[in-house]
Student: 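What follows is a structure written as structure tokens; I'll ask about it next.
Each chain gets a letter, A, B and so on, in the order the sequences are listed, and its residues count up from 1.
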Amino acid sequence: AQTVTQSQPEMSVQEAETVTLSCTYDTSESDYYLFWYKQPPSRQMILVIRQEAYKQQNATENRFSVNFQKAAKSFSLKISDSQLGDAAMYFCAYRSADDKIIFGKGTRLHILP
Amino acid sequence: EPEVTQTPSHQVTQMGQEVILRCVPISNHLYFYWYRQILGQKVEFLVSFYNNEISEKSEIFDDQFSVERPDGSNFTLKIRSTKLEDSAMYFCASLKTGPSYEQYFGPGTRLTVT
């Protein structure tokens, strides 16, 4: 069975600085998708970024980028120029071949003004 | 931009009562999902639905739960006899199979069982 592990329950970063959230996963599949979701206090799940496992190039969306290490089964999220609106719970997620998404326990990110 | 909608946003019910949570997926999506998030915990998969039948379900999705797509637009989750531990945020999601492979989540329904 696939698992997703986020080892940092909480992190803090100064506004305008860069922060990296860690995620590792375990799977025997070779083709899959990885995601980072943001959950602000409103509790809506918002897709931040996704990565196709067959792509070697790391995904980037504006200030958000990932470091995808397929052999190490690692999928970290880097947020550059952190903003107050980035404060939220961030979930790393794995999409299995049967389409269900498996979430990690989340990392709560605090932005310090 | 099309979005998944869920109603109600908050449902309060007494233990033992039946509740129906409603979702309207994005219109040309083919796969539908329910997830649950107990307060302070991670989001957990409940069930996936395709071609008018359940394609996958978790161990959480026991006989108290059922899903249906009654009219081609709504996708509902029914809990027959609610328990205190059913209190959670319930998220609906839909997927249009294709290169994006992105599940679009609704805003969630907060269920409180008293």
Side-chain angles (χ1 to χ4, degrees), chain A residues 1-10 21 23-25 27 29-55 57 59 61 64 66 68 75 88-108, chain B residues 1-6 9-10 23 25-26 29-51 53-61 67 87-112:
Chain A
Q2 297 90 0
T3 59
V4 177
T5 302
Q6 293 178 251
S7 58
Q8 305 152 315
E10 286 195 63
L21 309 183
C23 173
T24 59
Y25 60 94
T27 184
E29 297 177 333
S30 59
D31 195 17
Y32 49 87
Y33 291 78
L34 296 164
F35 306 89
W36 279 96
Y37 282 90
K38 172 184 177 182
Q39 188 181 44
S42 66
R43 299 193 74 184
Q44 170 105 35
M45 295 291 284
I46 303 166
L47 179 68
V48 174
I49 198 166
R50 66 172 174 268
Q51 175 79 43
E52 292 89 340
Y54 63 85
K55 288 187 177 178
Q57 187 173 10
E61 285 287 339
F64 299 87
V66 298
F68 174 49
F75 182 61
M89 197 76 169
Y90 286 82
F91 292 97
C92 178
Y94 172 101
R95 177 182 172 267
S96 62
D98 55 8
D99 281 342
K100 68 184 179 189
I101 292 182
I102 299 159
F103 289 86
K105 289 187 175 181
T107 296
R108 184 171 301 281
Chain B
E1 185 175 336
E3 57 183 23
V4 177
T5 59
Q6 290 185 242
S9 57
H10 189 193
C23 169
I26 295 172
H29 284 194
L30 301 176
Y31 295 81
F32 313 107
Y33 307 83
W34 283 102
Y35 293 85
R36 178 181 84 174
Q37 185 184 30
I38 294 172
L39 185 64
Q41 299 188 23
K42 68 177 178 179
V43 179
E44 300 172 292
F45 167 80
L46 289 177
V47 66
S48 59
F49 190 86
Y50 171 71
N51 201 26
E53 60 182 24
I54 291 173
S55 49
E56 187 83 19
K57 61 182 181 179
S58 73
E59 60 274 11
I60 302 168
F61 194 87
V67 290
S87 295
M89 196 78 167
Y90 289 82
F91 292 100
C92 172
S94 70
L95 167 72
K96 178 186 176 184
T97 300
S100 73
Y101 284 91
E102 176 182 341
Q103 289 189 18
Y104 290 80
F105 281 80
T109 292
R110 183 187 301 276
L111 177 64
T112 302

Student: Under 4.5 Å from any heavy atom of chain B, what part of A/I101 do you find: side chain, backbone, both or neither?
Tutor: both
Student: Among the options A/R43, A/Q39, A/Q44, pick out the one with the most heavy-atom pairs lying under 4.5 Å from chain B.
Tutor: A/R43
Student: Using side-chain contact (heavy atoms from CB on, under 4.5 Å) as the criterion, list what pairs up with B/S55, not counting sequence neighbours.
Tutor: B/S48, B/Y50
Student: Less than 4.0 angstrom from a charged side-chain N to a carboxylate O is my criterion; do A/R108 and A/E10 meet it?
Tutor: no
Student: Does the gap between the ring centers of A/Y32 and A/Y94 come in under 6.0 Å?
Tutor: yes
Student: Less than 4.5 Å to any heavy atom of chain A: does that hold for the side chain of B/L39, its backbone, both, or neither?
Tutor: both
Student: By salt bridge (charged side-chain N to carboxylate O under 4.0 Å, His left out), which residues pair with A/E29, not counting sequence neighbours?
Tutor: none
